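Proteins come first, then strands; the chains are lettered A, B, ... in the order of their sequence lines, and each starts at number 1. Keep in mind that what you see is a predicted model, and the values were worked out from it rather than measured.
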2 protein chains.
Amino acid sequence: MNEAVVLTPERILEVTEDVLRRFGLAKATVVDVARALDVSHGSVYRHFPSKASLREAVARRWLDRVSAPLAKIAEGSGPAPARLERWLRTLCLAKQKKVCDDPEMFATYLALAREACVVVKAHREKLADQIATILSDGVKQGAFQVTDIKGSARAILDAINRYHHPAHAEEWKDADLAVRFDALLALLLKGLEAPRKR
Amino acid sequence: MNEAVVLTPERILEVTEDVLRRFGLAKATVVDVARALDVSHGSVYRHFPSKASLREAVARRWLDRVSAPLAKIAEGSGPAPARLERWLRTLCLAKQKKVCDDPEMFATYLALAREACVVVKAHREKLADQIATILSDGVKQGAFQVTDIKGSARAILDAINRYHHPAHAEEWKDADLAVRFDALLALLLKGLEAPRKR
DNA sequence: TGAATGACAGATATTGAAATCTGTTATCAA
DNA sequence: TTGATAACAGATTTCAATATCTGTCATTCA
């Protein structure tokens with residue numbers, strides 16, 4: 001089964017993800033990971049200086065799966081308003097999907113978010129950068145009137161906080177979620193809109 | 001000390017608040033409350049059917065102290081945009097102040113919010129109603145262009161979620177809080193703004 | 001020589017018994 | 001008759017002993 005496979009950080013991350021999915025964050029141990037890799041637990045520490053940093057690396061890798069497809073939308077072409085709307089909807093749907101599809105990894109993300117972990121902050125900053133790309137295009141297209149691109153990008157991300165931050169995941173089951181989200185998007189897009197040339 | 005004072009629900013709520021502040025939510029018991037009232041713990045159950053409902057009643061009373069001053073602003077007069085801004089700022093400042101001034105009661109509020117407690121939902125609904133009052137005035141004044149008053153009120157409350165929801169209290173210490181909040185308010189107010197008559 | 005192991009110490013989690021809490025009610029006293 | 005108590009049962013928490021985990025490092029092996 002476990003043949004002479006070279007132990008790599010990537011391999012450790014894969015297996016750690018599996019262990020987290022199986023046991024949950026609270027019960028998963030470095031010893032579990034080592035056992036699954038058929039190595040001593042000391043070997044894991046050659047690649048990750050602590051259990052906490054292993055946990056962060058796994059979360060970072062997992063969150064990158066959320067932000068990578070969004071980057072494609074952000075860097076796309078076409079009218080900026082439609083692109084921003086698509087980006088925002090995609091982000092929130094992706095997070096909503098993760099709750100159902102990958103509950104234990106999502107719980108890890110929630111735990112890290114509660115700890116104000118740098119990985120979650122970096123993820124948020126990456127998302128804001130993507131929004132800023134779209135805003136910048138929108139200004140060039142004359143579709144958006146935005147003076148502070150980065151500040152507005154962050155404001156938008158804050159504004160939809162309730163729809164993508166893991167602390168609010170339970171609320172994503174509310175029957176009126178879509179209606180409320182639509183109303184918020186409409187308000188934000190209107191706030192970004194450049195005056196119509198008449 | 002404890003003379004023949006009639007045991008009333010109001011009195012129980014006051015003392016429960018004191019017990020919560022002293023011991024914190026996790027350690028405070030009905031027996032503690034009864035002891036502080038110099039009655040048997042069974043007596044508390046004559047007025048509140050369970051520990052949970054006592055906890056909720058205390059939280060409701062405490063949250064009413066947040067929403068009551070806001071109602072005064074909402075029902076005030078003057079230009080709706082300025083009033084809405086003042087209302088939003090007052091809400092967020094009040095919550096920020098509670099974290100420092102009343103940490104144990106705030107922690108109780110956080111715990112209830114995490115449980116999707118009806119008290120917290122009612123609080124949120126009350127806040128949205130107050131925003132709707134201001135929006136309605138703004139529409140009458142020709143300052144706001146809003147088609148769905150209630151929906152927009154909820155959208156606004158969602159938009160500032162990161163600045164008033166207890167789950168985000170740790171983030172209220174961020175150095176850039178004020179700048180980010182300002183940017184968000186500007187965006188929201190612009191989104192509400194009626195077209196200028198030219 | 002670089003990677004892995006296994007032993008180790010201190011930290012943390014688990015466990016089962018004991019203590020305490022929550023909610024209830026028969027009884028008592030005013 | 002109403003409000004309070006104290007006793008009770010089942011549920012939950014606490015506690016101290018034990019087990020396990022985290023992180024480290026001397027030793028071994030390929």
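- Look at B:Lys121 and B:Glu125 and you find no salt bridge, because none of the NZ, NE, NH1 or NH2 atoms lies under 4.0 Å from a carboxylate O.
- Between B:Leu7 and B:Lys27, the residue anchored closer to the 5' end of DNA chain D is B:Leu7, taking for each the nucleotide with the nearest heavy atom.
- Between B:His123 and B:Val66 there is a side-chain heavy-atom pair separated by less than 4.5 Å.
- We find that OH of B:Tyr45 is positioned 15 Å from P of D:dT5, with the value rounded to whole Å.
- For the residue pair B:Lys98 and B:Tyr109, no side-chain donor N or O sits within less than 3.5 Å of a side-chain acceptor on the partner.
- Residues B:Ala28 and A:His47 both approach DNA chain C. Their nearest nucleotides, taken by heavy-atom distance, put A:His47 toward the 5′ side.
- Atom CG of B:Asp38 is separated from atom P of D:dG3 by 18 Å (rounded to the nearest Å).
- Listed pair B:Ser43 / D:dT5 meets the phosphate criterion, a side-chain N or O lying under 4.0 Å from OP1 or OP2.
- Per the geometry, CG belonging to A:Leu25 stands 15 Å off C1' belonging to D:dT22, to the nearest Å.
- Among the atoms of the strands shown, base atoms are found under 4.0 Å from some heavy atom of B:Ser40.
- Put simply, CZ on A:Arg55 is 15 Å from C1' on D:dC21, counting in whole angstrom units.
- Atom CZ of B:Arg46 is separated from atom C1' of D:dG3 by 5 Å (rounded to the nearest Å).
- Using a 3.5 Å distance cut-off with no hydrogens or angles, the side chains of A:Asn161 and B:His168 do pair a donor with an acceptor.
- Residue A:His41 has its side chain nearest to D:dT24 when only C:dT22, C:dA3, D:dT24 are considered.
- At whole-Å resolution of the value, CZ in A:Arg35 and C1' in D:dC21 are 11 Å apart.
- In this structure, of D:dT22, C:dG23, C:dA4, it is D:dT22 that holds the atom nearest to the side chain of A:Lys51.
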